[in-house]
Amino acid sequence: GYFTILNLIATALFFPISMTALRCFEDKSNFAVPTTSLILKKFWKVFQVGCVSMPIYLLGLLFFVVPGIIVWKKYIYVFVISEQEMLGPLDSMRKSSLMSQRNGWRLLLMTWILFFITSPFIIVLLLADNYPGILTFILELAVLWITTLSGTAICFYGYKEALAND
């Protein structure tokens, strides 16, 4: 319910910070939290991309599973591209479509493996959502952020690999 919505907003705001941390780790440089204005700018780009791409994902899934999976593979990099390159929704989707031709299926498989590993925890938390409280909130936050950070890392390194294969 309410905690889930707060978690999603917090996770979306945390996305630019986690991407910065991954870039610093990759470059072996010191990590510094981005400024609030940069976080908000990047959050806004990612939010816009989500508003355009998520309905497309859902439409793909509504028209049978296979088109949804193909669309998901095609646009698997949209969030990373919009955050990294500060591109809008259509440009991010266009670039993701091209980049995902290189390693999109493998990356999608890794994302699905992560989903199957974390789904039992998510199901338990969905059931626990009927019992609101601080413990439920902390557990939701932990599982959502671990899942998000893992998925972000998978997409980040897949993105870097696709760029290297250019």
Side-chain angles (χ1 to χ4, degrees), residues 4 6-58 60-61 68-122 125 139-166:
T4 304
L6 286 177
N7 282 337
L8 291 173
I9 292 169
T11 302
L13 286 169
F14 189 68
F15 183 73
I17 299 170
S18 62
M19 288 292 294
T20 301
L22 284 167
R23 282 192 292 273
C24 288
F25 178 78
E26 187 67 21
D27 299 341
K28 295 176 179 44
S29 61
N30 292 330
F31 172 74
V33 176
T35 63
T36 304
S37 64
L38 183 60
I39 291 171
L40 291 174
K41 283 179 191 172
K42 289 186 173 206
F43 165 77
W44 183 244
K45 286 289 184 184
V46 171
F47 177 77
Q48 289 173 330
V49 167
C51 287
V52 173
S53 64
M54 292 312 271
I56 294 171
Y57 291 141
L58 294 175
L61 289 173
I69 292 171
I70 291 169
V71 168
W72 188 355
K73 179 255 182 195
K74 186 175 182 176
Y75 298 130
I76 200 159
Y77 294 122
V78 292
F79 296 106
V80 175
I81 290 169
S82 68
E83 189 277 340
Q84 172 85 19
E85 301 178 27
M86 296 291 290
L87 295 177
L90 299 179
D91 290 333
S92 295
M93 292 169 75
R94 206 172 294 116
K95 185 163 185 177
S96 178
S97 179
L98 294 172
M99 290 181 73
S100 67
Q101 292 173 4
R102 296 179 189 102
N103 63 351
W105 288 116
R106 189 165 46 84
L107 188 68
L108 187 62
L109 176 64
M110 290 171 32
T111 305
W112 275 94
I113 290 170
L114 174 67
F115 171 76
F116 286 121
I117 290 170
T118 59
S119 60
F121 300 105
I122 293 169
L125 288 174
L139 290 173
E140 281 182 358
L141 196 64
V143 170
L144 189 64
W145 283 20
I146 288 169
T147 304
T148 301
L149 286 172
S150 302
T152 300
I154 289 170
C155 289
F156 174 78
Y157 284 106
Y159 169 80
K160 286 192 61 78
E161 180 185 332
L163 280 178
N165 291 333
D166 249 352

What closest approach, in Å, do [X] and [Y] show between heavy atoms, and which atom pair accounts for it?
{"X": "Val49", "Y": "Ser82", "answer": "CG2-CB, 3.4 Å"}
{"X": "Val52", "Y": "Pro89", "answer": "CG2-CB, 3.7 Å"}
{"X": "Pro16", "Y": "Leu13", "answer": "CD-O, 3.2 Å"}

Does [X] reach the side chain of [Y], with side-chain heavy atoms less than 4.5 Å apart?
{"X": "Trp72", "Y": "Thr111", "result": "yes"}
{"X": "Thr118", "Y": "Ile146", "result": "no"}
{"X": "Ser18", "Y": "Phe156", "result": "no"}
{"X": "Cys24", "Y": "Asn30", "result": "no"}
{"X": "Tyr157", "Y": "Leu107", "result": "no"}
{"X": "Asn103", "Y": "Asn165", "result": "no"}

- Query: Hey, is CZ on Phe47 packed in by over 12 heavy atoms from elsewhere, all under 6.0 Å?
  - Reply: no
- Query: More than 12 heavy atoms of other residues, nucleotides or ligands under 6.0 Å from CE of Met86: is that the case?
  - Reply: yes
Can you tell me how far [atom2] of [Y] sits from [atom1] of [X], rounded to the nearest 0.5 angstrom?
{"X": "Lys160", "Y": "Leu163", "atom1": "NZ", "atom2": "CG", "answer": "7.5 Å"}
{"X": "Ile154", "Y": "Leu114", "atom1": "CD1", "atom2": "CG", "answer": "4.5 Å"}
{"X": "Ser53", "Y": "Leu58", "atom1": "OG", "atom2": "CG", "answer": "9.5 Å"}
{"X": "Leu149", "Y": "Leu22", "atom1": "CG", "atom2": "CG", "answer": "8.0 Å"}
{"X": "Met93", "Y": "Ser100", "atom1": "CE", "atom2": "OG", "answer": "11.0 Å"}
{"X": "Cys155", "Y": "Ile81", "atom1": "SG", "atom2": "CD1", "answer": "10.0 Å"}

- Under 3.5 Å, side chain of Ser96 to main-chain N/O of Ser92, donor-acceptor pair present? no
- Say whether, by atom type as modelled, one donor and one acceptor occur between the side chain of Tyr159 and the main chain of Met99 under 3.5 angstrom. no
- Message: For Ile113, give me all partners under side chain to side chain contact (heavy atoms under 4.5 Å, CB included), at least two apart in sequence or on another chain.
- Response: Leu109, Ile117
- Residues which pass side chain to side chain contact (heavy atoms under 4.5 Å, CB included) with Ser97, listed by chain and number, not counting sequence neighbours: Lys74, Tyr75
Using atom types as modelled, flag every donor-acceptor pair under 3.5 Å from a side chain in residues 36-45 to any protein atom, sequence neighbours excluded.
| from | atom 1 | to | atom 2 | distance (Å) |
| --- | --- | --- | --- | --- |
| Ser37 | OG | Thr35 | OG1 | 3.4 |
| Lys42 | NZ | Glu83 | O | 3.4 |
| Lys42 | NZ | Glu83 | OE2 | 3.1 |

- Note on the structure: For residues 11-41, the ring-ring contact (aromatic ring centres under 6.0 Å, His included) pairs (sequence neighbours left out) are Phe14-Trp145
- Mind jotting down which residue pairs meet the salt bridge (charged side-chain N to carboxylate O under 4.0 Å, His left out) criterion with at least one end in residues 87-113? Sequence neighbours excluded, please. Glu85-Lys95, Asp91-Arg94, Arg102-Asp166, Arg106-Glu161
- ring pair (Phe, Tyr, Trp, His ring centres under 6.0 Å) involving Phe115 - partner list, sequence neighbours excluded: Trp112
